[in-house]
Amino acid sequence: MKPHLAKILSFLIATVWLLNGLCKIFDIVPRHEMIVSRILGVQYAHVITIAIGFAEVGMTVWIISGIMRRLNVITQIVIIAAMNILEFVIAPDLLLWGRFNSVFALLFILLIYFHATLNKRLVSYSN
């Protein structure tokens, strides 16, 4: 994979995390808090949603930093899969495209995997 394509994919993946995080931090999409409320309970849903948003912004920084890339890729895939399984089972009516959201999650996971496996710089991690 050409280095510029790898950078574009890194930027694209990081942007998805950043936008989702900012939406949660600034309550741009109220349905995010509703999903958290349904899964974890109403009492702390607002605070937890904001914390998740900051974690997603942190993921953006981690992706851009290039530190421990392999662990980063594994972490992204596990988080996306776990989150989407929970939403699929517990809150499908709150998802933008209902259970069809899982297709987009799978495509995003495949993009992350493609980026990691086809780019030798990402596959041969030493850190």
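Along the sequence shown, residues carry numbers from 1. Any value given below was found using the heavy atoms of this structure, including those in side chains, with hydrogens, waters and symmetry copies removed.
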| Can you check whether Phe88's main-chain N or O pairs, donor with acceptor, with Arg99's side chain at less than 3.5 Å? | yes
| request: Could you tell me whether the side chain of Ile80 reaches within less than 4.5 Å of the side chain of Trp17, counting heavy atoms only? | output: yes
| query | In this structure, which one of Ile48, Val42, Leu94 forms a side chain to side chain contact (heavy atoms under 4.5 Å, CB included) with Ser37? | reply | Val42
| request: Find the distance between CZ (Arg38) and CG (Leu86) and round it off to the nearest 0.5 Å. | output: 12.5 Å
| said: Within this structure, what is the CG-CG distance for the pair Leu106 and Leu111, rounded to the nearest 0.5 Å? | reply: 11.5 Å
| query | Side chains of Thr75 and Met59: closer than 4.5 Å at any heavy-atom pair? | reply | yes
| Phe104: ring-ring contact (aromatic ring centres under 6.0 Å, His included) partners, not counting sequence neighbours | Trp97, Phe100
| query | Looking at side-chain heavy atoms only, is the closest gap between His32 and Val36 below 4.5 Å? | reply | no
| task | Please report the closest heavy-atom contact between Ser10 and His115, naming both atoms and the distance. | result | OG-CE1, 3.0 Å
| task | Show the numbers, then the answer: is there a salt bridge (charged side-chain N to carboxylate O under 4.0 Å, His left out) between Asp93 and Arg31? | result | CA-CA 10 Å; Asp93 58 307; Arg31 143 178 84 68; over 6 Å; no
| field | Separation of His46 NE2 from Asp27 CG (nearest 0.5 Å) | value | 6.5 Å
| query | Taking the side chain as C-beta and beyond, is there a heavy-atom pair between Thr60 and Thr15 under 4.5 Å? | reply | no
| field | Spatial distance of atom CD1 (Ile63) from atom CG (Leu18) [nearest 0.5 Å] | value | 10.0 Å
| request: May I ask you to test the Ile35-Leu95 pair for a side-chain heavy-atom distance under 4.5 Å? | output: yes
| message | So, using side chain to side chain donor-acceptor pair (under 3.5 Å) as the criterion, who are the partners of Asn72 when residues are at least two apart? | response | Gln76
